[in-house]
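Nothing fancy with the numbering, it's 1 onward along the sequence. What you see is a predicted model, and the numbers here were worked out from it, not measured in a lab. Values reported hereafter were calculated over all heavy atoms of this structure, with side chains retained and with hydrogens, waters and symmetry mates removed.
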Amino acid sequence: MEKFEGIQTDKGFLAVVGLGYVGLPIAVAFAEKVKTLGFDISQEKINVYKRGIDSTNEIGDEKIQSTTLEFTTDPTRLKEANVIIVAVPTPINGDKTPDLAHVINASKMIGQNLSKGSIVVFESTVYPGVTEDICVPILEKESSLVCGKDFKIGYSPERINPGDKVNKLENIRKIVAGMDEETVEKIAVIYEQIIHAGVYKAPSIKVAEAAKLVENAQRDINIAFMNELAMVFDRMGINTKDVVDAMNTKWNALGFYPGLVGGHCIGVDPYYFIYQAQVLGYHSQIIAAGRKINDEVAIFVANTVIKKMIQADKNLKESSIYIMGIAFKENCPDMRNSKAVDICKHLAIYGIKVKIVDPVVDKAEFKSEFDTELVNIEDVQNADCLVFLVAHRQFKELQLEALDSMFKPQKQQTKHVIIDIRNIFEQKAIEEKGYSYWSL
C-alpha cells in the first residue's frame, strides 16, 4: 500500500482526468480527503471552475468555491500523481458504433506522463476488453513502462445519476476491479474514502466493464417495453399512465414508465454491448430491439404534436409552439443525445418552427450549439401549443393559471394544445379548461 499511503500523508497526488458530470464530483470528493489534481483539456471549462461556477449543477457553486482541488490543463502535472482516475466521455458515432477517441487520447496523454508505481483506474463506460486490450498497450507504448511491473491498472464504472440530488456519488455502491488481487484491494481502499455506501469487488476488469453496460441496457429494455405499450395504447385510445398505475398495484411490478431515452448512458451504453456482441459473431436481438423502439419515440412524439395540432384546427406553420425542456432529463443541464432535440429536428422537416424553454440549460452553451436564444418561462406568451418534454422542477411548479397566461386568447373553434410527455399535469383538470391534452 506504499503509494496510497503516500497520498494519505500528502506526499503525492491523486489525479482525475476529465472534469465533466462524472469527473468533477469525484475529484471534488477526493480533494476533501487527499491532495487531488483535476485535469481537463478544455481551458474554458477550467476557467469556469476556477471562477467558482459549477456548470454541471452536480455539486453546486459553493463546493467549487471552497474545494482544495487544484485545476489544470497541463498534462505534465500528471507525473506527480500516484493514482490517476480517467473519467472521459465515451459517446457513439453516427452509425451507432463506439467512439473510443476520448479514451484513446487520454491513454496516450497519461502514458506520456506516467510515473513508475502508479495505478491508472478507468471509469469511462466501455465494452469488455477495452481497458486491457486497447488502453494498456497505449499506456505501455507511450510510457515505455510495463503494465504489472512498473504500473497497475483497474476499472471502476461510473454510476453517477446526473441531476439526482438523492442518489449521489457517495450513496451509490461502487464496483471496483483490478488487474490482480493486490491492485483491487488498493483501489477499494481508495474509493472507500469517499463512497459511504461501500464498494463491490468484481472478480475481473471485464466483469466490471460488462456490469456497467448491462445495468443500463436493463433499464433501456424496460423503458422500451413501456414505450411500445404507450404507442399501442395510443392507438387503442387508452391512457398509458392509467394502465401502469393499475399494474403497479401488484407487489412485483417494476415501476417503469414510458419516456424519452437520451443522455450519455442509457441512450448510448447498449450500443457498446451490441457492437462487441456483433464483433464476436452474435447479433443482439432484445437489446437492439429496445434501442430501436426508444430511438423511434422522438418521431412518434413529433408526429403526435402535428396530429393534435391539426385536430385542434391549428395552422401549423403559423402557430406558436413552445418546447418545454431541451435537456435530456429533468433538473439537469446536460443536452448530450437529447431526444428533445430530435423532436425539434423532426418538426423542422415539416417547416414547423418552435421556441425552446429550459430554465436549467446554460444559455450560452445552448446559443453556441443551436444558434438561437432560449426563452424564459415568464416570457412565454401567445402560445398555441406547449410541449412538455422534461419534468424540470420549474415546470412541475406551474399552476393552471400560469399555463392559461402562456396561451393566446382562446377562439371558440380551436383548442389550445398541451403535450405532456412526463405526465406533469392532471389530464382531467387540463381538459376541464377546454384544452386538448395528450400524454405519452
Between D245 and Y257: side-chain donor-acceptor atoms closer than 3.5 Å: yes
Strictly distance-based, threshold 3.5 Å: is any side-chain N or O of S143 a donor or acceptor partner for the main-chain N or O of L139? yes
Could you tell me whether the side chain of Y21 and the main chain of C332 form a donor-acceptor pair under 3.5 Å? no
Residue pair V86, V121: steps toward the side-chain contact (heavy atoms from CB on, under 4.5 Å) verdict: CA-CA 6 Å; V86 186; V121 183; over 6 Å; no
Take D54 and Y49 through the test side-chain hydrogen bond (donor to acceptor under 3.5 Å, both in side chains) and record every step on the way to the result. CA-CA 6 Å; D54 174 19; Y49 293 153; 5.3 Å; no
Is there a side-chain contact between K186 and I119, using heavy atoms and a 4.5 Å cut-off? yes
With no hydrogens and no angle check, just 3.5 Å: does a side-chain donor-acceptor pair link Q43 and N47? yes
Please tabulate, for the side chains in residues 131-138, all donor-acceptor contacts under 3.5 angstrom to protein atoms that are two or more places apart in sequence or on a different chain.
{"from": "T131", "atom 1": "OG1", "to": "E209", "atom 2": "OE2", "distance (Å)": "2.6"}
{"from": "E132", "atom 1": "OE1", "to": "K206", "atom 2": "NZ", "distance (Å)": "3.3"}

Just checking, any donor-acceptor pair under 3.5 angstrom between side chains of K174 and S156? yes
Between D358 and H392, does any side-chain donor sit less than 3.5 Å from a side-chain acceptor? yes
Those residues that, when tested against E397, pass side chain to side chain donor-acceptor pair (under 3.5 Å) (two or more places apart): R393
Are the ring centres of F273 and Y127 closer than 6.0 Å? no
When you check the side-chain N and O atoms of K308 and N303, is any donor under 3.5 Å from an acceptor? no
Donor-acceptor pair between N161 and K329 side chains, under 3.5 angstrom: yes
So do the side chains of L386 and V380 get within less than 4.5 Å of each other, counting heavy atoms only? yes
Pick from K408, K317, K355: which one makes a salt bridge (charged side-chain N to carboxylate O under 4.0 Å, His left out) with D384? K408
Sub-3.5 Å donor-acceptor pair from the side chain of R159 to the main-chain atoms of R173, do we have one? yes
Would you call the rings of F366 and F370 parallel, tilted or perpendicular if under 30° counts as parallel and over 60° as perpendicular? tilted
Between Y435 and F407, how do the two ring planes meet: parallel, tilted or perpendicular, split at 30° and 60°? tilted
Could you walk me through whether R422 and M324 pass the side-chain contact (heavy atoms from CB on, under 4.5 Å) test, one step at a time? CA-CA 11 Å; R422 298 289 296 171; M324 310 296 281; over 6 Å; no
Angle between ring planes, F425 versus F388, binned at 30° and 60°: parallel, tilted or perpendicular? perpendicular
Indicate whether the side chain of N93 and that of T97 have a donor and an acceptor atom separated by less than 3.5 Å. yes
Answer yes or no: is there a side-chain heavy-atom contact under 4.5 Å between V357 and L374? no
When you check the side-chain N and O atoms of T125 and K212, is any donor under 3.5 Å from an acceptor? yes
